[in-house]
2 protein chains.
Amino acid sequence: MTGEPQACSIARSLEIIGDRWTILILRDAFRGIRRFDELRRDLDIARPVLADRLRRLVDHGVLQKVQYQQHPPRSEYRLTPMGVELSPALVALMRWGDKYLSDGAPPTVLVHETCGNALEQGFWCPHCRQTFSPAEIASRPGPGAAVLTDELPTRGPRAHIH
Amino acid sequence: MTGEPQACSIARSLEIIGDRWTILILRDAFRGIRRFDELRRDLDIARPVLADRLRRLVDHGVLQKVQYQQHPPRSEYRLTPMGVELSPALVALMRWGDKYLSDGAPPTVLVHETCGNALEQGFWCPHCRQTFSPAEIASRPGPGAAVLTDELPTRGPRAHIH
DNA sequence: CGCCGTGGGTTCATGGAATGAACTGACTCA
DNA sequence: TGAGTCAGTTCATTCCATGAACCCACGGCG
């Protein structure tokens, strides 16, 4: 996308998946839509763009092109472990959309497979053994420390995400 | 962006923030970079694009334009509660980038403000009182049920994200 | 055999969006 | 009076997304 390498992990991630079509392709991969023509029909995406995005995702190791039959040769694009680990990002987007952009339909429910109860996505403190909201995140002094803050600068200096 | 209204929450979210620049602008807002010229310099973004993205974000209620002084009139773009709740998505992207696209630098550490310990982001089952990996998410039967799966279709039918 | 249908692409002309340089305008300060 | 800063807008150029058309391997059908 851009030329120079990015210092920030978010920026680096966006080099690969920072594109509307790319994220929709990944969403469909999670939904089980993994073949070229299925994707093209479901997303109503232009063929060259789809081919380009799939190529990019394969090149970066997010998807894997697998021939699932010969005669005729047919292949599908499967999520690699790297791709599967994008699910927290997709779930976060889904939650946000459900909360703020709902059309009135019931929100999507995800459940813990082993027990069947509805699950939450959130921040979890292993020490306190509890989840908490984004507002309770703070920086840690030292290298690599960062904070996501909604506070104003005047309320006190903070470290930053980078 | 597109014309027709989207049925899927992820697609609806992407209508607003499905753009590389938009996400970088939000990242900077969390980092405390909230003024037009600060953003322009930090992101090296073209002015018209920045103006357009900020306008969109304000229109959708993600950012709020606040005049923080008169004489001379200066304003900044603050995250609304709706904007703050995008942090899980940004953190997920950061985590993913840290894990798979690292340049060797130590990953960013986020800590629980009230106790100071490093926090995790993940899926949490309030019933089992434990976190778990993306692979353990399943669908729930009924309206709005969904699943994020890395499994192959042949291993069994599933509901889908929508 | 001849022909149609399907899956998975590539090529190419076009339009709309991103880019960056230049300009505007309100205000401050020396 | 003039230079500097912040926050944009205007405009010409460039680039990429789009969609139509085309290609090719293969299978099925009559």
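Everything numeric here is computed off the predicted structure, so don't read it as measured data.
The separation between I45(B) atom CD1 and dA21(C) atom C1' is 16 Å, rounded to whole Å. As a whole-Å value, the separation of R40(B) CZ from dA21(C) P is 11 Å. Atom P of nucleotide dA18(C) and atom CG of L43(B) are separated by 15 Å, given to the nearest angstrom. Rounded to whole Å, the distance from CG on L50(A) to P on dT11(C) is 16 Å. Atoms CG (D44(B)) and P (dG20(C)) sit 7 Å apart, rounded to a whole Å.
A 4.0 Å heavy-atom criterion places the boundary nucleotides of DNA chain D facing chain B at dT5(D) to dT10(D), written 5' to 3'.
A distance-only check finds a donor-acceptor pair linking the side chain of R129(A) to the backbone of R129(B) [under 3.5 Å]. Remark: side-chain polar atoms of S13(A) are paired, donor with acceptor, to backbone N or O of L93(B) under 3.5 angstrom.
Judged by distance alone, the side chains of R35(A) and Y68(A) do bring a donor and an acceptor atom under 3.5 Å apart.
Both Q70(A) and P48(B) lie close to DNA chain D; mapped to their nearest nucleotides by heavy-atom distance, the more 5′-ward contact belongs to P48(B). Mapping D52(B) and D52(A) onto DNA chain C by nearest heavy atom places D52(A) closer to the 5' end of the strand.
Applying the salt bridge (Lys or Arg N to Asp or Glu O under 4.0 Å) test to D103(B) and every residue at least two apart in sequence or in another chain returns R12(A).
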In sequence, state the C-alpha distance, the side-chain angles, and the governing distance for R78(A) and E76(A), and then conclude on salt bridge (charged side-chain N to carboxylate O under 4.0 Å, His left out). CA-CA 6 Å; R78(A) 288 185 197 158; E76(A) 64 180 16; 2.7 Å; yes
Show, in sequence, the C-alpha distance, side-chain angles and deciding distance for R40(A) and E38(A), and conclude whether the salt bridge (charged side-chain N to carboxylate O under 4.0 Å, His left out) test is met. CA-CA 5 Å; R40(A) 195 193 56 75; E38(A) 282 179 339; over 6 Å; no
Given D59(B) and R55(B), is the salt bridge (charged side-chain N to carboxylate O under 4.0 Å, His left out) satisfied, shown in steps? CA-CA 6 Å; D59(B) 286 351; R55(B) 194 164 25 234; 5.9 Å; no
Restricting both atoms to N or O, compile the protein contacts to nucleotides 5-9 of chain C shorter than 3.5 Å, with distance only.
unit_1, atom_1, unit_2, atom_2, d
dG7(C), O4', R74(A), NE, 3.2
dG7(C), O4', R74(A), NH2, 2.9
dG7(C), O3', R74(A), NE, 3.4
dG8(C), OP1, S75(A), O, 3.0
dG8(C), OP2, D37(A), N, 3.4
dG9(C), OP1, K65(A), NZ, 2.9
dG9(C), OP2, Y77(A), OH, 2.7
dG9(C), N7, R47(A), NH1, 2.8

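When side chains are defined from C-beta on, R95(B) does not count as touching P88(A), because their heavy atoms never get closer than 4.5 Å.
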